[in-house]
Amino acid sequence: MKHLKVDVTDLNKNFGDNHVLKGIDFKVANNEVVVLIGPSGSGKSTLLRCLNRLEVPTSGKVVIDGNDISDKKTDIDKARENIGMVFQHFNLFNNLTVGENVELAPTELGKSSKEEAAQAAKKLLKTVGLEDKYNAMPYSLSGGQKQRVAIARALAMNPDIMLFDEPTSALDPEMVGDVLAVMKDLAKNGMTMVVVTHEMGFAKEVADRVVFMADGKVMEEGSPDAIFDNPQNERTKSFLDKVINV
Amino acid sequence: MKKFFVLLSCIFSITIAGIMFSQPKVQAAEKTYTIGTDVTFPPFVYANSNNKYVGIDMELIRAIAKEEGFKADIKPIGFNAAVQSLSSGQIDGVIAGMTITDERRQKFDFSTPYYQSGIVMAVAPKSKITSLKDLKGKRVAIKTGTSGADYANSIKDRYGFKTVTFDDSDNVYNDVKNGNSAACFDDSAVLNYGVKTGLGLKIVTKPTNTGKYGFAVQKGKNQELLSKFNQGLEKLKKNGKYDQIIEKYTGSAATSSKKKENKQKDADGHTFVGLLKQNKDALLEGVWETIELTVVSIICATVFGVLIGLLGVIPNKFSQGFSTTVIYIFRGLPLLVLALFIYNGVPSLTGSKIPAFIAGIITLTLNEGAYTAAFVKGGIEAVDTGQMEAARSLGLPFGKAMRRVILPQGLKIMVPSFINQFIITLKDTSILSIIGILELTQTGKIIIARNLEGFRIWTIIAVIYLVIITLLTLLSKWVERRIKD
Ligand SMILES: Nc1ncnc2c1ncn2[C@@H]1O[C@H](COP(=O)(O)OP(=O)(O)O)[C@@H](O)[C@H]1O
Ligand SMILES: [Mg+2]
């Protein structure tokens with residue numbers, strides 16, 4: 001296999017008695033776009049959050065870019081600089097302007113000067129189509145705009161990998177396209193991405209691989225064509241029936 | 001995050017150290033003794049119209065100090081507080097018309113007696129009560145810790161009356177005058193003096209339970225001071241100064257001039273303007289002390305509270321447990337108990353004194369700080385957890401995320417609580433009158449002890465508090481608006 005960006009081995013996660021992830025093996029190659037699908041509660045978010053240690057694994061190994069994230073001795077802040085994350089509910093910093101949201105991490109972490117960060121921020125905002133919102137406060141933006149700022153904010157740290165947790169689920173339908181367009185651009189430019197989404201169109205078009213999870217396990221994975229047109233697992237079939245037929 | 005905490009702790013320690021060192025240094029040349037006394041117990045101790053403490057006890061101790069070459073730092077903190085402070089070693093001696101009893105001898109060493117008195121009963125002028133027998137089923141007013149109180153309690157079952165206890169003599173007399181209580185018991189010298197100078201009560205019994213007044217030090221301690229007192233008293237008796245002092249305060253000349261003074265004061269002392277004029281200086285000093293206490297306490301409590309609050313939110317079980325415990329203890333303790341514990345209790349344990357002002361600041365810092373910590377914690381926890389997750393996901397360490405993202409949002413939530421807490425702190429300074437700090441409330445008590453103008457003086461004090469609170473609120477609102485922009 002090519003150089004692995006994400007290498008998860010036998011990952012288990014318990015919330016009290018609730019065994020949420022049951023021995024997950026999950027690999028992502030460099031430049032690969034993986035879409036994670038599965039019913040609600042199957043553990044997709046938990047898996048994603050284990051990749052940057054927002055959740056601490058109960059057991060198993062999580063290696064990102066050769067860094068053992070599951071090892072307590074690893075400098076997690078350093079590791080996270082290379083792992084961008086985009087949340088369902090955007091989580092823009094409410095006390096900062098759009099520009100400041102994007103510039104905060106690079107300047108606070110000494111990656112760039114104020115001027116450099118401002119320039120980079122404006123450029124990033126332009127690529128997501130929001131250069132005129134530089135001075136706006138988050139509350140004045142629509143959901144789609146917020147999510148595009150959130151993507152720009154994550155990109156400002158120049159990550160090698162981007163994690164998306166249902167980035168369009170909280171959006172009004174007419175906003176979804178703009179956000180997906182930004183993500184497609186990213187994929188085209190070779191970004192390594194793990195995307196949890198219910199947007200099957202996006203998965204078909206962009207994903208190199210689709211992973212289907214249920215009950216805390218990976219049930220089936222393969223190319224989009226293989227998964228969507230010819231699913232092998234019964235659970236996959238019934239899940240796809242439900243989402244595609246609505 | 002560490003840096004942030006270090007900074008906070010530095011500010012905190014500097015503030016505390018600043019307070020410690022700003023206390024006046026004791027001069028080495030003449031030894032200074034702190035002497036506790038009552039707020040009002042004429043003719044032994046009371047404040048004259050210039051708010052200077054005078055009376056037999058005051059003149060005696062000052063004359064003896066002069067004779068023997070030491071300095072007496074007089075603290076009019078009330079009889080009860082004085083006795084407690086002496087037991088805990090907060091002060092060096094007490095002179096407050098204190099009767100020498102066997103019970104008190106267990107804790108204190110007494111000087112040779114400087115006065116002999118007895119207990120008498122006083123009633124309102126129109127009262128029909130003439131003897132102890134008439135007290136059946138009635139209520140009798142007494143002052144805490146006095147031998148009058150001991151006497152009343154010792155006979156109340158036999159004569160079938162109930163007692164009600166006050167901290168200050170004037171409250172005792174007022175209670176009898178306005179008919180709430182049927183009678184009061186007090187030392188004959190005190191009541192005699194009061195009756196002669198127009199107190200408005202009459203004495204109906206002969207002195208019983210005669211007792212001797214003595215100057216007291218903690219048992220086994222300050223023996224040097226005790227022998228100085230005895231020597232000085234001896235000298236004063238020999239050179240006639242002692243008799244002069246006694247005559248000055250109990251002779252007919254003294255009482256009639258005081259009576260005239262009382263009448264005179266009555267004339268202009270019954271108006272708000274007159275009272276304000278008479279007590280301008282005392283009130284201003286009280287206001288200033290209250291403001292000082294408030295400002296220093298607000299600063300210390302805020303620093304302490306923010307620190308403890310932050311300890312409560314950092315992801316570490318030990319620090320969270322510590323924070324919760326501190327909040328639980330100091331929010332749970334009544335302020336009054338905490339103040340007395342720190343001022344009287346801690347020195348009994350450690351053997352070193354704490355100045356009342358410092359004890360007051362520590363009390364308010366712990367109590368108000370605990371409330372502050374609770375709402376700081378609450379305010380931070382009220383910020384959406386997604387904010388912290390997003391900041392940490394970018395690689396920001398906990399401290400940076402806290403400072404740049406969470407705290408600014410949390411603070412906005414906390415601002416109204418801060419303003420509220422500042423106002424509560426101001427009001428709570430009044431409780432510190434219990435440890436004898438001469439702030440606004442204690443000033444009011446002392447003025448009333450002298451002129452018995454309870455209603456008008458408390459009205460004035462209440463208005464002053466409202467004015468300060470209004471100013472504080474306006475200031476806070478102004479700051480709040482600036483933060484919001
Ligand atoms: N912080 C948490 N505490 C306790 N249980 C949680 C927590 N986060 C998720 N879970 C549980 O873990 C399971 C998987 O949740 P999640 O990973 O969010 O699923 P998905 O994203 O696939 O819908 C669910 O049963 C959920 O209730
Ligand atoms: Mg989810």
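Each chain gets a letter, A, B and so on, in the order its sequence line appears, and its residues count up from 1. Values reported hereafter were calculated over all heavy atoms of this structure, with side chains retained and with hydrogens, waters and symmetry mates removed.
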- Beyond-backbone contact of Val383(B) with Asn94(A), side-chain heavy atoms, under 4.5 angstrom: no

> Between Asp77(A) and Lys400(B), is the closest basic N to carboxylate O distance under 4.0 Å?
Replying inline: no

More than 12 heavy atoms of other residues, nucleotides or ligands under 6.0 Å from NZ of Lys184(A): yes or no? yes

In terms of heavy-atom contacts, Ser393(B) and Phe87(A) come closest through OG-CZ, 3.5 Å

Output for pair (Leu396(B) CG, Leu109(A) CG), nearest 0.5 Å, gives 5.0 Å

Practice prompt. Mark yes when over 12 heavy atoms from residues, nucleotides or ligands other than Phe322(B) sit less than 6.0 Å from its CZ; otherwise mark no.
Written response: no

Side chains of Met85(A) and Glu389(B) in contact at under 4.5 Å (non-hydrogen atoms)
no

Turns out that what part of Phe93(A) lies under 4.5 Å from chain B's heavy atoms comes down to both

Assert top hit (heavy-atom pairs under 4.5 Å, partner chain B, pool Glu100(A), Arg53(A), His89(A), Arg153(A)) equals Arg153(A)

From the list Leu163(A), Asp75(A), Val86(A), Leu92(A), the residue making the most non-hydrogen contacts under 4.5 Å with chain B is Leu92(A)

Bottom line for Ala401(B): the part with an atom under 4.5 Å from chain A's heavy atoms is neither

Checklist entry - Taking Asn95(A) for the side chain and Arg404(B) for the main chain, is one N or O donor matched with an acceptor at less than 3.5 Å? => result yes

Bottom line for Ile83(A): the part with an atom under 4.5 Å from chain B's heavy atoms is backbone

Neighbour count >12 (heavy atoms, 6.0 Å) for atom CD, Glu131(A): yes

Query raised in the report: Counting N and O atoms only, with roles assigned by atom type, does the side chain of Glu81(A) sit under 3.5 Å from a partner on the main chain of Leu394(B), one being a donor and the other an acceptor?
Result: no

